[in-house]
Amino acid sequence: MKTSRVLIFEEQPAPGRERGLTLLDHAIEFDFREAAKENLETFDLSPYAAVVAPVESSAAGLIGILSDATRYKGPLFLYRDEPPVHEVARWVIWGSPPNGGADGPMADRLLVESLEYYSMASMYQQCLEMMSTQEEEKLLAQVTETFVTALGAESCVFWRVSPSDPDEMLIASVRGVIGIDREGSRFFVSRSGTAEEIWKGIPFVVATEGAAGGERGARSGSNLFVPLLHQGNPVGLVKLGERNDRKPFAERELHIARIIADYAAAALNTVNRIGRIEKVSLRDPETGAYSAAFLADYFDKERYKAGRFRRPLSVVFLVVENFSFLMEQTRKSSVVGALTSMVDAVRRTVRDSDLVAREDANRFCVVLPETDAFGALLAVRRLRKAVKEKCRIQFLGTEYSLQPFFMSATCPSDGRDFPELLRVAEEKFARQQKSPLHRMRLADRPFWDAFEILVGKREQYELLRKGEDVPYFLRFRKDLGRNAHFFVPRETWLRILEAVAQDVAVSPEERGLVIAGGPTPEIYKQIFLSYKPSIPPHRNVYVVGQSGSTRFDSKNLMYVATEDELLKEREFVLYLKEGGAYGFFCAARGTEVEGFNTADESLVEAMMEKAQEMYQLQWNF
């Protein structure tokens, strides 16, 4: 019977400890010692097969001495609470018996079994990931990846059964260095020489041409073909190249290939069924967006989660204003193609958790979970840029373009159900159509060009002072007082700036953004800092100018120096907040200030975006 000794250090050895045990004709003796009472410098550690010590030891230098290879070369086990005597005994018996030698056959067998277990566990984990995948492209990549990883093949070709002809195989995915032309992008199973083996559904090995033909100097090799069958019907075929270690495919590889094939065939069948269901009920057949029925069901679930966890939920509505005109002037297929390209651009821009649906022929909707009003505003900016180049239509030598309008609404501030949010969006759409941004075509113009159009010319204000109608100003709809041209003394203009600063300081928990630019930026700084609230606001203020002090005592106020010469005689203030916006575009005329003011949210947001791009300001709020 073999005997091994184990040294166990304790803070305070407890009486009645188990001093030894016997497992598999191997005796283990435990030597319990109090670390504080031992002279570790002279202690002989050589008789012990293992040493066990507490992690929090009171003996100074204990861990360092035990870790010193010149003093002790055996294993060191650290523990908390109670010494793991049985675990250490098992390691001594199976891992490192006495006399310094390893139990070769047993250790090798355990190592081989462990490697085999983890290899099979990893393969099954990849198979489960395939079963949980619902995206077709992702699943195809996972199938080839799993075969190559599990079988160690240097290449993989995957063919799928054609939806129109079950006898035709179409190439779906490849891995490694593959010649598509040599492999064949399509073939018919019944015409191939391996038709019977494919229909059997059992993996089979085929020797490569060099080995089979006996060519001189040709290296022998083989390919593994793995049919994928579901309920006895072929759904695909996988061809694996030679193994990386150049060994032939043995029974083990054929067994693993059969397991992976079963999982892959089931996963492909599931994805195909989901695709058919989506085409029937969930997807719009023209654009691929989700249907209105699915949108209603999905929004109700997201609204419930948003209300339960008190999280924001926003919706972006997209309306193609000239849809009817394009249907009359061009072909339906051309319009549908442009809409499909636009939807694809929207889908690539939004997150995976967002939903793109078609609500009506010319109306689309994007559901944005976990997104507040300003997050939806930033999403609109990204979407507007993403679809800009995807809206063009060429028809009979004439270029047309979709005219999309974006409106956002947030739950619960704008409404608690979808009809209320839709009503708010429709109101915003009606205001956008009346807005100078749309009527004066300012969306694609640079900031200062749009500024000049909004403000007008100096002589027009002379007529305004006389109380006469200005024909140019009449082109701007007042929209119940939301838009107007004005001229006021400079003292009154400063009072207006103070009112803006006071509004910024009110309700500091709400987010907002202010951009002010002009010839005297120091005035803006003094006014905005004079209304500094007691609570740090969530509203950022950017002051743009050619001169001024950059040392501001507020982390929410930033000065941006610029060499823009147009700021010498022009001023603008843009304020965008939750639930409102207003802007001022004016020029100094002696002791007076003339210009245009608006509370049009779409116009203010568009001009703010232009200013942020022009002066390279941060886009976050």
Side-chain angles (χ1 to χ4, degrees), residues 116 119-120 122-124 126-127 129-130 136-137 139-162 165-230 232-269:
E116 180 68 16
S119 175
M120 296 296 291
S122 176
M123 181 200 68
Y124 277 110
Q126 290 180 293
C127 291
E129 291 179 1
M130 286 193 301
E136 182 178 4
E137 295 297 329
L139 176 60
L140 297 178
Q142 284 180 330
V143 171
T144 55
E145 175 71 18
T146 304
F147 273 107
V148 169
T149 304
L151 300 177
E154 62 182 10
S155 64
C156 179
V157 186
F158 179 27
W159 292 275
R160 290 185 62 187
V161 171
S162 171
D165 187 358
D167 188 47
E168 184 181 12
M169 290 284 184
L170 303 177
I171 196 166
S173 179
V174 297
R175 177 71 184 273
V177 181
I178 298 296
I180 303 283
D181 296 335
R182 181 173 60 86
E183 298 293 343
S185 60
R186 58 192 292 266
F187 71 92
F188 292 91
V189 177
S190 59
R191 302 176 189 176
S192 65
T194 58
E196 294 184 3
E197 288 81 358
I198 293 176
W199 288 328
K200 290 179 181 177
I202 301 175
F204 58 94
V205 178
V206 177
T208 57
E209 295 181 358
E215 297 180 8
R216 187 174 183 179
R219 182 174 54 83
S220 61
S222 60
N223 293 326
L224 176 62
F225 287 84
V226 185
L228 275 59
L229 269 65
H230 180 74
N233 299 318
V235 297
L237 177 65
V238 175
K239 176 185 176 182
L240 296 168
E242 295 185 25
R243 297 178 61 183
N244 294 323
D245 55 9
R246 303 306 177 189
K247 294 181 180 179
F249 291 100
E251 289 297 328
R252 177 183 180 275
E253 285 72 35
L254 297 179
H255 175 68
I256 293 177
R258 183 70 178 271
I259 295 174
I260 299 176
D262 292 340
Y263 279 95
L268 283 171
N269 180 69

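Everything numeric here is computed off the predicted structure, so don't read it as measured data.
Nearest approach of Ala195 to Ser190, heavy atoms of both residues: CB-CA, 4.3 Å. What you find for Gly201 and Leu229 is that their closest heavy atoms are CA-CD1, 3.7 Å. Leu254 approaches Pro203 most closely through the heavy-atom pair O-CG, 3.9 Å. Taking each heavy atom of Ala257 and Leu224 in turn, the nearest pair found is CB-CD2, 4.1 Å. The two atoms that bring Ala264 and Met130 nearest to each other are N-CE, 4.1 Å, heavy atoms only. Considering all non-hydrogen atoms of both residues, Asn223 and Phe249 come closest at C-CE1, 4.4 Å.
Side-chain contact between Ile198 and Phe225 is absent, with no heavy-atom pair separated by less than 4.5 Å. Counting only heavy atoms from C-beta outward, the side chains of Leu240 and Leu151 approach each other to under 4.5 Å. Considering only heavy atoms from C-beta on, Cys156 comes within 4.5 Å of Val238 through its side chain. The closest side-chain heavy-atom distance from Glu154 to Arg175 is not below 4.5 Å. With a 4.5 Å cut-off on side-chain heavy atoms, Gln126 and Gln142 do not count as touching. You'll find the side chain of Ser222 stays beyond 4.5 Å of the side chain of Val206, heavy atoms only.
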Could you walk me through whether Val174 and Phe158 pass the side chain to side chain contact (heavy atoms under 4.5 Å, CB included) check? CA-CA 6 Å; Val174 297; Phe158 179 27; over 6 Å; no
In sequence, state the C-alpha distance, the side-chain angles, and the governing distance for Phe187 and Glu168, and then conclude on side chain to side chain contact (heavy atoms under 4.5 Å, CB included). CA-CA 6 Å; Phe187 71 92; Glu168 184 181 12; over 6 Å; no
What do the steps show when you test Ile171 against Val157 for side chain to side chain contact (heavy atoms under 4.5 Å, CB included), and what is the final call? CA-CA 7 Å; Ile171 196 166; Val157 186; 3.7 Å; yes
Phe147 and Thr149: CA distance, side-chain angles, deciding distance, side chain to side chain contact (heavy atoms under 4.5 Å, CB included) verdict: CA-CA 6 Å; Phe147 273 107; Thr149 304; over 6 Å; no
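Here the straight-line distance linking atom NZ of Lys239 with atom OG of Ser155 works out to 7.5 Å at 0.5 Å rounding. Atoms CH2 and CG, on Trp159 and Leu228 in that order, are 12.0 Å from each other to the nearest 0.5 Å.
Residues in residues 250-266 take part in these salt bridge (Lys or Arg N to Asp or Glu O under 4.0 Å) pairs, two or more places apart or across chains: Glu116-Arg252, Arg243-Glu253.
At distances below 3.5 Å, at least one donor-acceptor pair connects side-chain atoms of Asn244 with backbone N or O atoms of Gly152.
For the pairing with Val143, the side-chain contact (heavy atoms from CB on, under 4.5 Å) check across Leu139, Thr146, Leu140 returns one residue only, Leu139.
With respect to Lys200 and Glu196, no salt bridge is recorded, no charged nitrogen being found less than 4.0 Å from a carboxylate O. A salt bridge links Arg160 to Glu136: at least one charged side-chain nitrogen sits closer than 4.0 Å to a carboxylate oxygen.
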